[in-house]
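Let me begin by presenting the structure, written as structure tokens, before commenting on it.
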Amino acid sequence: MSDNVPRTIAAPLLKWYDAHARDLPWRARPGANAPDPYRVWLSEVMLQQTQVASVIPYFEKFTARWPSFEALAAAEDAELMAAWAGLGYYARARNLLACARAVAARGSLPETEAELLGLPGIGGYTAAAIAAIAFGQRAVVVDANVERVVTRLFAVTAPLPGARPRIRTLTDSITPDARAGDFAQAMMDLGSTLCTARAPRCLACPLREQCDGFATGAPEMFPVKAAKPAKPQRYGTMFWIERAGRVLLVRRPAKGLLGGMCALPTGPWADSPPGLADAPISAEWRMLDEQVRHGFTHFNLDVALAAATIPEHTDAPQGEWWPIAEIESAGLPTLFAKAARTFGRMHA
DNA sequence: AAAGCGGGGAA
DNA sequence: TTCCCAGCTTT
């Protein structure tokens, strides 16, 4: 089938969606009114580079605690960062708060893609998704699911990310004027449940007859992606400083890796194990046998663990002394939560 | 245009 | 292990 011929994709896809849509907490219930723009916005930000199953418990927690833009705008930075801990990409949490405050100040969430794009944390995908899903506008919504579905439908052999403009044009060509929001969500549900990355279930797919990728006999070959460079290995040391049953926590700089998050003290990451070179205080350090290994998007990290107990009333670096028994509730990102559990076993 | 930025689930 | 995911911001 030629790429130049518009296909009837939307009608069979929407019919499938009406029967098989996933029941997700930010979607309007069948027969209900339009979805709440606050919930659509919050879910879309949480879903950036994050799978649905990971988002749901955070979405439930956030909407229970902050049910509106106004409520979220009144939150403290530190409590929001702690509530986001574990979800990753922490710049999203900082932008979420800035966006909530901007929306509360102007009265409501804008309804056009162009205005939405001007808000913190809202880029091309999220602006289109909100405009379509929350406000019923026709918008071309392209996420990783849509990229996969479209490159299969049209057997796009050009590799990502270079093929993005072509994919956007193809998506535009199949996006309907009516129910654009449902269409976008239907594409995502299809990509998530049938047109999956590794083993697509083409026999259950409502678009099988129109799919060039299925016709090739190897739809799982799409999308083609450019080769990725190997991740570098980096090293660091984390410092557990105990004083009178409490441990020293610091807040990381607002920008950069894990920016704005509560953390154990560390030195900078290095190309070889730095040992105690960056220790925040002079003390009798004990090195733990166990290390913590953590994978980031762009490098792998091995962290050595150093522990010291200092007498009460001893001077120490700036930070917060957190009760060791309650360390689980400190709102540490996963790297530091893993380390804290390891230090905890040292105690036992 | 390219780089920086987390974490968890699936295969 | 590796791959992947409802991307955005900064340089």
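Reminder, nothing fancy here: chain letters follow the sequence lines and each chain counts from 1.
Rounded to whole Å, the distance from CD on A:Glu147 to C1' on C:dC4 is 12 Å. Between the P atom of B:dG4 and the CG atom of A:Asn300 lies a distance of 15 Å, rounded to the nearest Å. Rounded to whole Å, the distance from CH2 on A:Trp26 to C1' on C:dA6 is 9 Å. One can place CZ of A:Arg164 at 12 Å from P of B:dA2, the figure rounded to the nearest angstrom. For the pair A:Arg94 CZ and C:dT10 P, the interatomic distance rounds to 9 Å; values are reported in whole Å. Per the geometry, CZ belonging to A:Arg168 stands 15 Å off P belonging to C:dG7, to the nearest Å. Rounded to an integer number of Å, the gap from CZ of A:Arg198 to C1' of C:dC4 is 6 Å. A:Met261 places its CE atom 15 Å from the P atom of B:dC5, with the value rounded to the nearest Å.
Within the 4.0 angstrom heavy-atom criterion, base atoms lie near A:Arg22. If you check every strand for non-hydrogen atoms under 4.0 Å, A:Trp84 touches nothing. In this structure, A:Gly191 reaches neither bases nor backbone, as no heavy-atom distance under 4.0 Å exists between it and the strands shown. Using a 4.0 Å heavy-atom criterion, one finds that A:Lys225 contacts the sugar-phosphate atoms exclusively. The residue A:Leu24 sits close to a base: some heavy atom pair falls under 4.0 Å. Looking at heavy-atom distances under 4.0 Å, A:Gly256 makes contact with sugar-phosphate atoms alone, never a base. Nucleic acid contact for A:Phe296: sugar-phosphate only, since backbone atoms but no base atoms lie under 4.0 Å from a heavy atom of the residue. Nucleic acid contact class of A:Ser43 (heavy atoms, under 4.0 Å, all strands): none. In this structure, A:Ala144 reaches the sugar-phosphate backbone alone: every heavy-atom distance under 4.0 Å involves primed, P, OP1 or OP2 atoms, never a base.
Residue A:Ser54 has its side chain nearest to B:dG8 when only B:dG4, C:dA6, B:dG8 are considered. When distances run from any side-chain atom of A:Asp189 to the nucleotides C:dC8, C:dA6, C:dC4, the shortest one goes to C:dA6. Out of C:dC4, B:dG7, B:dG6, the shortest distance to the side chain of A:Pro333 is found at B:dG7. Comparing C:dC8, C:dC5, B:dG7 by their closest approach to the side chain of A:Gln49 singles out C:dC5. For A:Tyr125, the side-chain atoms get nearest to C:dG7 when compared with the rest of C:dG7, B:dG7, B:dG6. Across C:dC3, C:dA6, B:dG7, the shortest atom-to-atom separation from the side chain of A:Leu47 is found for C:dA6.
With a 6.0 Å radius and a threshold of 12 heavy atoms from other residues, nucleotides or ligands, A:Arg201 has its CZ atom at or below the threshold. Shown here is A:Met221, whose CE atom has no more than 12 heavy atoms of other residues, nucleotides or ligands within 6.0 Å.
Relative orientation of the A:Phe296 and A:His294 rings is perpendicular, given thresholds of 30° and 60° on the angle between their planes.
In this structure, A:Arg106 pairs ionically with A:Glu115, as a charged nitrogen and a carboxylate oxygen lie closer than 4.0 Å. No salt bridge links A:Asp182 with A:Lys15; every basic N to acidic carboxylate O contact stays at or beyond 4.0 Å.
Between A:Val247 and A:Ile327, the closest side-chain pair of non-hydrogen atoms falls below 4.5 Å.
Under 3.5 Å, the side chain of A:Thr50 and the base of B:dG6 form at least one donor-acceptor pair of N or O atoms.
Rounded to whole Å, the separation between the P atoms of C:dA6 and B:dC5 comes to 23 Å. Nucleotides C:dT11 and B:dG6, compared at atom P, are 15 Å apart to the nearest Å.
Residue A:His298 has a polar side-chain atom (N or O) positioned under 4.0 Å from OP1 or OP2 of B:dC5. Considering only side-chain N and O atoms, A:Arg293 lies under 4.0 angstrom from the phosphate OP1 or OP2 of C:dT1. Dashed line: the shortest gap from a side-chain N or O of A:His294 to OP1 or OP2 of B:dG6 is not under 4.0 Å. Dashed line: the shortest gap from a side-chain N or O of A:Arg148 to OP1 or OP2 of C:dC5 is under 4.0 Å. Between A:Tyr90 and B:dG7, a side-chain N or O to OP1/OP2 separation shorter than 4.0 Å is present. At least one side-chain nitrogen or oxygen of A:Thr334 sits closer than 4.0 Å to the OP1 or OP2 atom of B:dG8.
With ring centers used as reference points, A:Phe59 lies under 6.0 Å from A:Trp26.
Closest-nucleotide positions on DNA chain C for A:Pro120 and A:Pro223 were compared, and the one nearer the 5' end corresponds to A:Pro223.
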